[in-house]
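Letters A, B, ... are given to chains in the order of the sequence lines, protein chains preceding strands, and every chain is numbered from 1. Source: prediction; values computed, not measured.
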There are 2 protein chains.
Amino acid sequence: MTKHPAVQNIKVAADAAIFTVENKQLKVLLIQMKKAPFAGEWALPGGLLGDEETSRQAVDRILTTQTGVKKVYLEQLMTFDDVQRDKLGRVISIAWFALIPNGGFKLKTTEKYADVRWWPVKALPKLAYDHAAIAKTAVSRLRAKLEYANVAWSLLPAEFTLAELQNTYESILGKPLDKRNFQKKYLALGLIKESGKMRTGGAYRPAKLYNFAKFV
Amino acid sequence: MTKHPAVQNIKVAADAAIFTVENKQLKVLLIQMKKAPFAGEWALPGGLLGDEETSRQAVDRILTTQTGVKKVYLEQLMTFDDVQRDKLGRVISIAWFALIPNGGFKLKTTEKYADVRWWPVKALPKLAYDHAAIAKTAVSRLRAKLEYANVAWSLLPAEFTLAELQNTYESILGKPLDKRNFQKKYLALGLIKESGKMRTGGAYRPAKLYNFAKFV
DNA sequence: TCAAAAGTGTTCCTGTTACACCCATGA
DNA sequence: TCATGGGTGTAACAGGAACACTTTTGA
């Protein structure tokens, strides 16, 4: 039986699965590694915790530095602690996830990383560490959350049409929804209200614009 | 801004919130501390991870040693990482939770602890560290899980009556349920089947005994 | 006038709720 | 025979699913 160690040799990291919906696709934010042994591979933004820093704070800091994404609503996902998840040494990862509106941030990274980019969850590149498992868990959680939480609030701009709202749901679930039922159900929830404005410009009937009335 | 540390001074622990239902009360398993600065206080079973040990494995080991509870179905709850959660040094805790049948284990602890006991969640003693917060989170998760998962399977013995099943639900939710509706709904789920046996002995009509048919 | 997307009602079905009475047993 | 908990049916309602047509606009 393993004895309680007087000194541990385990490091603690935080990783973030940040989602958005763009072009009717659910996408996740990845950075491209420069250093061996993962050069060229993609990964979720992440890094080690400071001694006086919570994982939440670490994610904030890391997102700002590595991706340019700031001050988003984050939710703890799960902690990944397989002994072999990082071949360079024992590191556990406290994973977080968040949703941000499309185009809400200008992406930029540091010289430590080769690139930062949105990737469709349906066609992810090879991911470093166990980040494929983390991303998969995050997508499952997001879909589950869609059933009971006002997830779209984090993904849409202040004004949006019902069609845009429905597209967001369809993109996350990966399946079409009935337009009338979706609108009826969503409006009955009382979460959104008409802004009084219309979106014009298309060669078709203008759409009413809505705002969120409540934040869940 | 905090810099990525070359060396971290953070320890990693695992804690377990183990529940049972006894005498129509939801109870959680606690151990009583002996050592300063928490002498006499109660805490969730827990301890530091070994270098080659996952938190899941650590919880298994710790439960066996500290409480006598073995090989239960565990689910990861959340990681608690407030900087000040342990005044003796920075320790993060990966918390797990589990449900076990009443009377399924003979409780025993080591000389390191003063006692091990089931405590009703409605009347917990003062808890060490941030274990009150962990316990509260675990109870919330358990109640939420009750809505969509076959939680009772972990709490009941192989054979049980519908009344016992209903009592389990009522104890966790802390509110009464309609007998006819509960039975109708639960039987329609197809999760349980009649064993063919009856529980006799009371000064009233014998009750049918059921088994679980599926494990969710 | 046509193409394109917006907007709207009704029916059916299923599951939930509320509610009251008879049944089998041991004492 | 009575006290006790076991066991059952039905009506009303709400929410979800399926489904087709009319409206408004720009080109």
**Request:** Name the closest nucleotide to the B:Ala207 side chain, picking from C:dC19, C:dG7, D:dG7.
**Result:** D:dG7
**Message:** If I take atom CD from residue A:Glu75 and atom CG from residue A:Leu77, how far apart are they, to the nearest 0.5 angstrom?
**Reply:** 8.5 Å
**Request:** Among the candidates D:dT8, C:dG7, C:dC19, find the nucleotide nearest to the side-chain atoms of A:Lys208.
**Result:** C:dG7
**Prompt:** Does the base of D:dA17 carry an N or O that pairs as donor and acceptor with the side chain of A:Arg180 under 3.5 Å?
**Reply:** no
**Message:** Heavy atoms only, 4.0 Å cut-off, all strands: where does B:Lys184 land among base, sugar-phosphate and nothing?
**Reply:** base
**Request:** Scan A:Ala163 against the nucleic acid and name what it touches under 4.0 Å (heavy atoms): base, sugar-phosphate only, or nothing.
**Result:** sugar-phosphate
**Asked** Rounding to a whole Å, what distance do you find between A:Asn181:CG and C:dC13:P?
**Response** 16 Å
**Message:** What is the separation between atom CZ on A:Phe160 and atom P on C:dA6, rounded to the nearest whole Å?
**Reply:** 14 Å
**Prompt:** Quick one: B:Phe182 CZ to D:dT8 C1', roughly how many Å, whole number?
**Reply:** 16 Å
**Message:** Looking only at side-chain N and O atoms, does B:Tyr210 offer a donor or acceptor that is under 3.5 Å from a partner on B:Glu159?
**Reply:** no
**Request:** Please state how far atom CG in A:Leu187 lies from atom C1' in D:dG15, giving the value in whole angstrom units.
**Result:** 15 Å
**Message:** Within the supplied structure, the quantity of interest is the number of heavy atoms (other residues, nucleotides, ligands) at a distance under 6.0 Å from B:Lys193 NZ; does it exceed 12?
**Reply:** yes
**Request:** Compare the minimum distances between each of C:dA24, C:dC19, C:dA6 and the side chain of A:Arg205, then state the nucleotide with the smallest one.
**Result:** C:dA6
**Asked** Does a donor on one side chain and an acceptor on the other come within less than 3.5 Å for B:Asp81 and A:Ser55?
**Response** yes
**Request:** Nearest whole angstrom, please: distance from the P of C:dA24 to the CG of B:Leu209.
**Result:** 17 Å
**Prompt:** Among the nucleotides C:dT25, C:dA5, C:dT17, which one has an atom lying closest to any side-chain atom of B:Pro206?
**Reply:** C:dT25
**Residue pair A:Asn150 / A:Tyr186, side-chain donor-acceptor N/O under 3.5 Å** = yes
**Message:** Measure CZ/A:Arg199 against C1'/C:dA6 and give the value in whole Å, please.
**Reply:** 13 Å
**Request:** Please determine, for the side chain of A:Gln183, which listed nucleotide (C:dT8, D:dC19, D:dT8) has the closest atom?
**Result:** C:dT8
**Asked** Contact class for A:Lys179 vs. all strands (heavy atom < 4.0 Å): base, sugar-phosphate, or nothing?
**Response** base
**Asked** Whole-Å distance between C:dT16 C1' and B:Glu147 CD?
**Response** 13 Å
**Request:** Hey, which sits more toward the 5' end of DNA chain C by its nearest nucleotide, B:Asp178 or B:Tyr204?
**Result:** B:Asp178
**Message:** Nearest whole Å is fine: how far is C:dA6 C1' from A:Asn167 CG?
**Reply:** 13 Å
**Prompt:** Hey, which of these two, A:Gly201 or A:Lys185, hits DNA chain D nearer its 5' end, going by closest nucleotide?
**Reply:** A:Lys185
